[in-house]
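This report refers to the structure that appears directly beneath it.
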Amino acid sequence: MRIFKTSVLLILAILSLASCVSTPEMEKPPEMVWPLPPEKPRIKFVNIILGSADANIRLAKLKSVLFGVEKDMRFIKPFGVAVKNQTVYVTDVGGIFALDLKNASFRVIGSGELSVPAGIAATAERVYVGDVGRKRVFVYSREGKSLLEFGKNEIEVPAGIAVDEQRKRVIISDSRKHEIFIYGLDGRLLSKFGRRGTGPGEFNFPYGVAVDRKGRIYVVDSMNFRVEIFDENGVFLKSIGKVGTSPGTFARPKGVAVDSDGHIYVLDAAFGNFQIFDYEGNTLLAVGNTGTGPAEFMLPSSICIGEDDEIYVVDQINQRVQIFQYIK
């Protein structure tokens with residue numbers, strides 16, 4: 001009993017020390033909104049994720065006191081991002097960073113199996129990742145267990161991926177074949193559409209993809225400098241944008257996402273920003289520019305929107321993910 005009491009007291013003392021330990025505090029992010037006052041703010045900068053320690057800063061401090069300094073795994077060359085149930089999934093060199101913000105935990109998924117993971121999407125139970133090195137899609141449980149792979153001998157470069165949970169399907173853009181593939185959640189090929197060209201419904205290196213609540217499919221047609229929109233069956237509806245350097249145009253579009261109000265977010269690697277459009281194609285707002293500070297980007301590669309309209313942007317050369325919030 002005396003040993004047990006001593007152990008408890010020792011743990012309590014260590015916990016007390018952890019609360020007082022002199023560890024550098026994470027710098028408070030600046031207050032940044034778009035558009036500027038007196039207009040009503042619609043986008044707010046929230047934070048930056050650099051790696052594993054950002055799953056929970058306080059937990060990282062406590063571990064360093066109890067067990068010694070734990071190496072922080074930081075992003076090397078992040079590419080794709082997906083968010084589900086407060087878990088942020090980021091593809092990086094040879095694996096997936098999974099930062100569970102709700103349970104303050106971190107894990108790496110697919111290490112040793114994935115070659116060049118790129119596009120990624122997630123449901124509550126599964127993570128779908130396109131591997132451009134192995135030319136297929138891998139499926140994992142949220143805990144990291146390998147469940148399934150599909151697309152072998154069908155897909156060449158799965159650059160973008162989106163999950164349409166309501167219709168139980170996975171949508172993949174193939175940048176080499178200039179096609180969009182639609183699979184069931186079980187990996188069965190359901191349909192495909194598109195071909196190389198410049199006309200409506202044609203592609204020139206399609207990249208990011210997204211799907212909205214109505215099942216409409218949004219495709220970044222990168223070298224045609226536009227976003228094409230299709231109905232749930234792959235029938236062309238309309239396109240947004242053209243090549244240029246002014247608002248509403250694109251120079252190097254990469255990613256696309258849609259918020260709960262149907263606004264369309266298009267990430268441009270050349271501009272170092274994301275532009276927001278309504279469904280009619282009107283330009284509403286541009287956020288960010290080229291640089292290394294908050295809300296600045298160097299070759300951003302992917303964008304996604306969480307369940308509460310948080311906006312996650314992979315800032316590739318700066319080796320980080322930046323977080324914003326859409327304000328209704």
Is there side-chain contact between [X] and [Y], with heavy atoms separated by less than 4.5 Å?
{"X": "Tyr265", "Y": "Val256", "value": "no"}
{"X": "Val209", "Y": "Val211", "value": "no"}
{"X": "Lys135", "Y": "Ile155", "value": "no"}
{"X": "Leu237", "Y": "Arg216", "value": "yes"}
{"X": "Val129", "Y": "Ile161", "value": "no"}
{"X": "Ile229", "Y": "Ser239", "value": "no"}
{"X": "Asp315", "Y": "Ile48", "value": "no"}
{"X": "Phe150", "Y": "Tyr128", "value": "yes"}

Donor-acceptor pair, [X] side chain versus [Y] backbone, under 3.5 Å?
{"X": "Asn103", "Y": "Ser105", "answer": "no"}
{"X": "Asp54", "Y": "Leu50", "answer": "yes"}
{"X": "Thr87", "Y": "Asp100", "answer": "no"}
{"X": "Asn318", "Y": "Phe297", "answer": "no"}
{"X": "Asp278", "Y": "Glu280", "answer": "yes"}
{"X": "Ser222", "Y": "Pro253", "answer": "no"}
{"X": "Asp231", "Y": "Val235", "answer": "yes"}
{"X": "Asp268", "Y": "Ala251", "answer": "yes"}
{"X": "Ser301", "Y": "Gln316", "answer": "no"}
{"X": "Glu39", "Y": "Pro35", "answer": "no"}

Subject >> Interatomic distance, Leu147 atom CG to Asp186 atom CG [nearest 0.5 angstrom] >> reply: 12.5 Å
Original post:
How long is the span from the OG1 atom in Thr91 to the CD1 atom in Ile120, to the nearest 0.5 Å?
Top reply: 6.0 Å
Original post:
Distance under 6.0 Å and angle within 45° of the ring axis: does Lys177 meet both against Phe203?
Top reply: no
Taking [X] first and then [Y], would you say they form a salt bridge - that is, a charged N and a carboxylate O separated by under 4.0 Å?
{"X": "Arg169", "Y": "Asp164", "value": "yes"}
{"X": "Glu125", "Y": "Arg142", "value": "no"}
{"X": "Lys214", "Y": "Glu232", "value": "no"}
{"X": "Lys152", "Y": "Glu154", "value": "no"}
{"X": "Glu165", "Y": "Lys84", "value": "yes"}

**OP:** Kindly determine whether Thr249 and Val243 satisfy side chain to side chain contact (heavy atoms under 4.5 Å, CB included), including the steps that lead there.
**Re:** CA-CA 5 Å; Thr249 65; Val243 64; over 6 Å; no
Return yes when atom [atom1] of [X] has more than 12 non-hydrogen atoms of other residues, nucleotides or ligands closer than 6.0 Å, and no otherwise.
{"X": "Lys328", "atom1": "NZ", "value": "yes"}
{"X": "Arg252", "atom1": "CZ", "value": "no"}
{"X": "Arg195", "atom1": "CZ", "value": "no"}

Just checking, is any N or O donor in the side chain of [X] or [Y] under 3.5 Å from an acceptor N or O on the other one?
{"X": "Asp261", "Y": "Tyr326", "result": "yes"}
{"X": "Ser260", "Y": "Asp309", "result": "yes"}
{"X": "Arg126", "Y": "Ser141", "result": "no"}

Where [X] and [Y] come nearest, the two heavy atoms and their spacing:
{"X": "Thr290", "Y": "Phe271", "result": "OG1-O, 3.5 Å"}
{"X": "Ile305", "Y": "Asp259", "result": "CD1-N, 3.6 Å"}
{"X": "Ile182", "Y": "Phe193", "result": "CD1-CE2, 4.1 Å"}
{"X": "Ala118", "Y": "Pro158", "result": "CB-O, 4.1 Å"}
{"X": "Lys254", "Y": "Ala269", "result": "CG-CB, 3.9 Å"}
{"X": "Pro300", "Y": "Val313", "result": "CB-CG1, 4.2 Å"}

Hey, any chance [X] and [Y] share a hydrophobic cluster, counting ILVMFWY side chains that come within less than 4.5 Å of each other, even indirectly?
{"X": "Ile323", "Y": "Leu101", "value": "yes"}
{"X": "Val93", "Y": "Val81", "value": "no"}
{"X": "Tyr312", "Y": "Phe97", "value": "yes"}
{"X": "Phe250", "Y": "Tyr218", "value": "yes"}
{"X": "Trp34", "Y": "Ile276", "value": "yes"}

**OP:** Quick one: do Ile317 and Gln319 satisfy side chain to side chain contact (heavy atoms under 4.5 Å, CB included)? Show the steps, please.
**Re:** CA-CA 5 Å; Ile317 300 301; Gln319 299 175 300; over 6 Å; no
Subject >> Aromatic ring pairing Phe79/Tyr207, orientation class (parallel under 30°, perpendicular over 60°, tilted between) >> reply: tilted
Original post:
Strictly under 6.0 Å, is that where the ring centroids of Phe274 and Phe324 end up?
Top reply: yes
Original post:
Is the ring centre of Phe277 less than 6.0 Å from the ring centre of His263?
Top reply: no
Subject >> Full working for side chain to side chain contact (heavy atoms under 4.5 Å, CB included) between Val127 and Glu143 >> reply: CA-CA 9 Å; Val127 182; Glu143 292 78 22; over 6 Å; no
Original post:
Does the side chain to side chain contact (heavy atoms under 4.5 Å, CB included) test come out yes or no for Asn224 and Phe205, once each step is laid out?
Top reply: CA-CA 8 Å; Asn224 284 327; Phe205 296 98; over 6 Å; no
Original post:
Which residue, Glu156, Glu113, Glu149, forms the salt bridge (charged side-chain N to carboxylate O under 4.0 Å, His left out) with Arg136?
Top reply: Glu149
